[in-house]
Amino acid sequence: MSEAVAIYSTLSKQKEPVTPGPEGVVRIYACGPTVYGRVHIGNARPYIVFSVLKRFLERRGMRTLFVSNLTDVNDKIYVAAREQGISSSELAENCSEAYVEDTDRLGLGRPDLEPRVTESMPEIIDVIQTLVDKGLAYAAGGDVYFRVDRFARYGALSGRDLDEMVSNEPGEGKENPLDFALWKGRKPDEDTWWESPWGDGRPGWHIECSAMSVTALGRDFEIHGGGLDLAFPHHENEIAQSEGATDERMAQIWMHNEMLELSGDKMSKSVGNIALLHEVLDEWPAEVVLAYFLRAHYRSKLPFSDAHLADAAEVCERIRNGARAIDRAMGSPGEATNPQLARALVAARRDFYAALDDDFGTPGAFAALFDLIRAINQAVEGDRPTAGQLQEVRRELVEMLDVFGLAGLAKGEGAVPAEVIDLLAEREAARDARDFERADVARDQILELGFELRDTPEGPQVYPR
RNA sequence: GGCGACGUGGCGAAGCUGGCUAACGCGGCGGUCUGCAAAACCGUUAUUCGCGGGUUCGAGUCCCGCCGUCGCCUCCA
């Protein structure tokens with residue numbers, strides 16, 4: 001393994017080394033969803049990218065603390081709840097549960113903390129108070145706004161010049177149209193609100209992340225992530241709030257994932273028929289969805305379609321067959337170590353981690369994985385490795401797959417039903433009698449029972465499909 | 001209009017601190033294995049990286065222009 005993990009930062013526009021913070025922990029904050037409906041497939045990208053990043057850093061021997069929030073107070077939630085005729089808190093609660101449920105199905109584990117806005121009100125009010133005290137924010141007609149022209153670095157993340165920016169966001173009491181809301185006074189048609197020094201109301205969209213990140217991770221944490229679409233204004237505003245309040249850097253690396261291209265014929269944002277994550281997971285196994293996302297670099301736009309998922313399914317199948325080849329060979333291993341396989345294992349391991357070290361290059365890591373798979377297949381067909389070598393290769397393969405949450409692809413298959421065993425025997429008898437018609441009937445019956453038959457040097461094998 | 005990203009084979013996708021024969025996967029084609037398949041293996045599938053210039057001994061990789069696609073521009077992951 002090389003010495004350093006580097007990640008591209010949107011702020012510095014270059015790759016920067018990931019250096020663990022105090023107590024050797026890499027602290028990661030990634031903006032989570034606003035819960036006003038079931039999350040769509042695009043929302044899954046940051047969840048997957050940052051969850052897998054955490055898994056990778058830990059495999060690399062680092063300790064991590066990964067925090068991803070749920071925004072459960074927001075204009076969209078009020079609107080959606082009104083449309084559905086339920087209270088906004090009920091909608092937010094339902095959608096929060098659904099989000100956890102849907103993303104759980106990806107099998108990547110949960111972030112270490114998933115704070116919610118509704119549970120972070122004291123911290124939020126605290127940060128706002130600090131900003132008001134420091135003259136960086138002001139109350140106006142029940143609202144509180146951030147004075148953008150008091151924060152010199154405003155625009156640094158998104159490369160915007162304050163003088164050239166135009167705002168069309170309403171706000172009666174604003175000093176400057178570009179000032180953004182930290183606190184919004186209660187409106188008559190809003191059914192949830194909190195008390196504050198500036199009157200009843202609720203937090204603005206950006207302040208929650210400043211408050212929750214500093215509460216959970218402290219100042220100057222290592223990685224702040226989210227979708228690229230959040231860079232402006234959300235992250236720009238977070239920086240202004242957090243750094244304005246603490247006079248310290250908010251985060252070292254600003255890591256943004258590119259967007260999914262959801263503009264295919266079958267769906268469009270304007271039509272609102274974007275595939276929902278849970279629907280996709282009803283159609284495809286989690287491994288397929290993970291392979292689909294991870295085969296592309298996180299900073300690349302990624303087109304979404306059934307054809308792409310079908311492609312990812314083939315990718316998974318090839319990996320699965322590689323693991324099966326090892327297991328099959330274990331039944332009749334060789335006498336000596338296979339040197340080609342030994343070399344391939346070293347190379348795959350090196351290339352896999354080198355690719356990830358360099359700006360989380362998951363596509364390159366996949367390439368390394370496939371190089372290993374080919375070497376495995378070659379070895380199983382050629383000079384059979386020893387059982388010990390097979391075991392070692394299997395262990396390493398599973399370890400790499402596990403970084404991506406794909407270890408399930410190398411899981412041994414479950415027991416084969418007696419019915420299938422009987423048919424298998426029947427087919428063998430038929431083949432011995434050279435009655436291939438009967439043999440093929442048995443094979444078709446096995447297929448109907450959900451198993452695929454493959455003849456191998458070790459005799460016929462059946463695999464679930 | 002402003003800011004930014006990107007255009008690599010039939011498809012997806014690496015490479016882009018310039019220099020071995022342009023990774024890897026899917027698909028196609030030919031072969032091996034098989035009774036036939038499936039899986040796997042072997043070979044093949046871009047003299048070429050949107051187009052046009054330039055810099056350089058040398059560029060997909062740097063610079064300029066053009067064409068095209070996309071994201072953001074005050075609450076979209």
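In this text, all values refer to a predicted model and were calculated from it rather than measured experimentally. First the proteins, then the strands, lettered A, B, ... as listed; each starts at 1.
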Inset, instruction - Under 4.0 Å between any heavy atoms, over every strand shown, what does A:P457 touch: base, sugar-phosphate, or nothing? Just pick one. - result: nothing
Legend entry - Note: A:E208-A:R202 ion pair, threshold 4.0 Å (strictly below): no
Legend entry - B:rA77 phosphate, OP1 or OP2, under 4.0 Å from A:N43 side-chain N/O: yes
Legend entry - Selected nucleotide, minimal atom distance to A:A296 side chain, candidates B:rA77, B:rC24, B:rA13: B:rA13
Legend entry - P spacing across the pair B:rG68 / B:rG25, given as an integer number of angstrom: 36 Å
Inset, instruction - Would you indicate what A:R427 reaches in the nucleic acid, counting non-hydrogen atoms under 4.0 angstrom: base, sugar-phosphate, or nothing? - result: base
Legend entry - Minimum-distance nucleotide (side-chain atoms of A:R160 versus B:rA77, B:rC72, B:rA38): B:rC72
Inset, instruction - Return the value, rounded to whole Å, for the distance between atom CG of A:D444 and atom P of B:rA38. - result: 13 Å
Inset, instruction - For A:K411, look at atom NZ and say whether over 12 heavy atoms of other residues, nucleotides or ligands are found less than 6.0 Å away. - result: no
Legend entry - Check against salt bridge (charged side-chain N to carboxylate O under 4.0 Å, His left out), A:R384 and A:E458: CA-CA 13 Å; A:R384 277 288 169 88; A:E458 281 69 42; 3.1 Å; yes
Legend entry - side chain to side chain donor-acceptor pair (under 3.5 Å) partners for A:K76, two or more places apart: A:Y36
Inset, instruction - Give the ring-plane orientation class for A:Y154 versus A:F232, where under 30° counts as parallel, over 60° as perpendicular and anything between as tilted. - result: perpendicular
Inset, instruction - Please state how far atom CG in A:L294 lies from atom P in B:rG12, giving the value in whole angstrom units. - result: 19 Å
Inset, instruction - Check whether any side-chain nitrogen or oxygen of A:R374 sits under 4.0 Å from OP1 or OP2 of B:rG25, and answer yes or no. - result: yes
Legend entry - Atom of A:E175, atom of A:Y138 and distance for their closest heavy-atom approach: N-OH, 2.8 Å
Inset, instruction - Would you indicate which nucleotide in B:rA77, B:rA39, B:rC70 comes nearest to any side-chain atom of A:E452? - result: B:rA39
Inset, instruction - Mind listing the closest non-hydrogen atom pair of A:L131 and A:G244 along with its distance? - result: CD2-C, 3.9 Å
Inset, instruction - List in chain and number order the residues that pass side-chain contact (heavy atoms from CB on, under 4.5 Å) with A:T192, two or more places apart in sequence or in another chain; answer none if no residue qualifies. - result: A:Y78, A:S88, A:S89, A:W194
Inset, instruction - State whether the distance check finds a donor on one side and an acceptor on the other, under 3.5 Å, for side chain A:R454 versus base B:rA40. - result: no
Using the 3.5 Å cut-off, write out each protein N or O paired with an N or O of nucleotides 30-34 of chain B and the distance between them.
none

Legend entry - Other residues, nucleotides, ligands: >12 heavy atoms within 6.0 Å of A:Q14 CD: yes
Legend entry - Integer angstrom distance from the C1' of B:rC67 to that of B:rC51: 7 Å
Legend entry - Between P of B:rA77 and NE2 of A:H40, the distance in whole Å: 7 Å
Legend entry - Sugar-phosphate, base or nothing in reach of A:D440, heavy atoms under 4.0 Å: base
Legend entry - Rounded distance in Å between the P positions of B:rU47 and B:rG60: 14 Å
Pairs: protein N or O with nucleotides 4-6 of chain B N or O, under 3.5 Å:
unit_1, atom_1, unit_2, atom_2, d
B:rA5, N3, A:K301, NZ, 3.4

Inset, instruction - Could you measure between the two C1' atoms, the one in B:rA37 and the one in B:rC20, and give it in whole Å? - result: 41 Å
Legend entry - Phosphate OP1/OP2 of B:rA39 contacted by A:N321 side-chain N/O (<4.0 Å): no
Inset, instruction - Using whole Å, report how far CD1 of A:I326 lies from P of B:rA39. - result: 19 Å
Legend entry - Residue whose closest nucleotide on RNA chain B lies nearer the 5' end, A:P303 versus A:C31: A:P303
Inset, instruction - Specify whether A:Y298 and A:F360 have parallel, tilted or perpendicular ring planes, treating 30° as the upper limit for parallel and 60° as the lower limit for perpendicular. - result: tilted
Inset, instruction - Measure across A:D359 and A:Y8 and return the closest heavy-atom pair with its distance rounded to 0.1 Å. - result: OD1-N, 2.9 Å
Legend entry - Rounded P spacing from B:rA23 to B:rC64 in Å: 29 Å
Legend entry - Flag if over 12 foreign heavy atoms under 6.0 Å of CG, A:D191: yes
Inset, instruction - State, to 0.1 Å, how close A:S210 and A:Q241 come at their nearest heavy-atom pair, and which atoms those are. - result: OG-OE1, 2.8 Å
Inset, instruction - Could you check how far OH of A:Y154 sits from P of B:rC73, rounded to whole Å? - result: 12 Å
Inset, instruction - Give the rounded distance in Å between these two atoms: NE2 of A:H297 and P of B:rA14. - result: 8 Å
Kindly give the atom pairs (protein nitrogen or oxygen, nucleotide nitrogen or oxygen) under 3.5 Å for nucleotides 26-28 of chain B.
unit_1, atom_1, unit_2, atom_2, d
B:rC26, O2', A:D311, OD1, 3.0

Legend entry - Whichever of A:G204 and A:H308 has its nearest RNA chain B nucleotide further upstream toward 5': A:H308
Inset, instruction - Answer with base, sugar-phosphate or nothing: what part of the nucleic acid does A:L369 contact at a heavy-atom distance below 4.0 Å? - result: nothing
Inset, instruction - Starting at the 5' end of RNA chain B, write a dot or bracket for each base, bracketing those in Watson-Crick or G-U wobble pairs whose two distances are under 3.5 Å and using | for partners on another strand. - result: ((((((((.[[[..)...(....]]]((((((.......))))))....[[[[[..)....]]]]])))))))....
Legend entry - Whole-Å P distance, B:rG27 and B:rG12: 15 Å
Inset, instruction - Could you label the plane-to-plane angle of the A:F146 and A:F180 rings as parallel, tilted or perpendicular, counting under 30° as parallel and over 60° as perpendicular? - result: parallel
Inset, instruction - Looking only at side-chain atoms of A:N377, point me to the closest of B:rU74, B:rA40, B:rC36. - result: B:rA40
Inset, instruction - May I have the step-by-step check of ring pair (Phe, Tyr, Trp, His ring centres under 6.0 Å) for A:F366 and A:F352, ending in yes or no? - result: CA-CA 7 Å; A:F366 262 99; A:F352 182 85; 8.3 Å; no
Inset, instruction - Grab the CZ-P distance between A:F360 and B:rG15 for me, whole Å please. - result: 14 Å
Legend entry - Salt-bridge contact A:R374-A:D371 (side-chain N to carboxylate O under 4.0 Å): yes
Inset, instruction - Check every strand shown and say whether A:G226 touches a base, only sugar-phosphate, or nothing at a heavy-atom separation below 4.0 Å. - result: sugar-phosphate
Inset, instruction - Pick the P atom in B:rU55 and in B:rG43, then give their distance to the nearest Å. - result: 42 Å
Inset, instruction - Classify the nucleic acid contact of A:S300 as base, sugar-phosphate or nothing, counting any heavy atom under 4.0 Å across all strands shown. - result: sugar-phosphate
Inset, instruction - Please determine, for the side chain of A:R45, which listed nucleotide (B:rA14, B:rA77, B:rU74) has the closest atom? - result: B:rA77
Inset, instruction - Can you figure out which of B:rA13, B:rU74, B:rC76 approaches the side chain of A:K76 most closely? - result: B:rC76
Legend entry - Interatomic distance where CG belongs to A:L260 and C1' belongs to B:rC76 [whole Å]: 13 Å
Inset, instruction - For A:T34 and A:T71, indicate whether the former's side chain and the latter's backbone hold a donor-acceptor pair under 3.5 Å. - result: no
Legend entry - Inter-nucleotide P distance (B:rA13, B:rG52), Å rounded: 24 Å
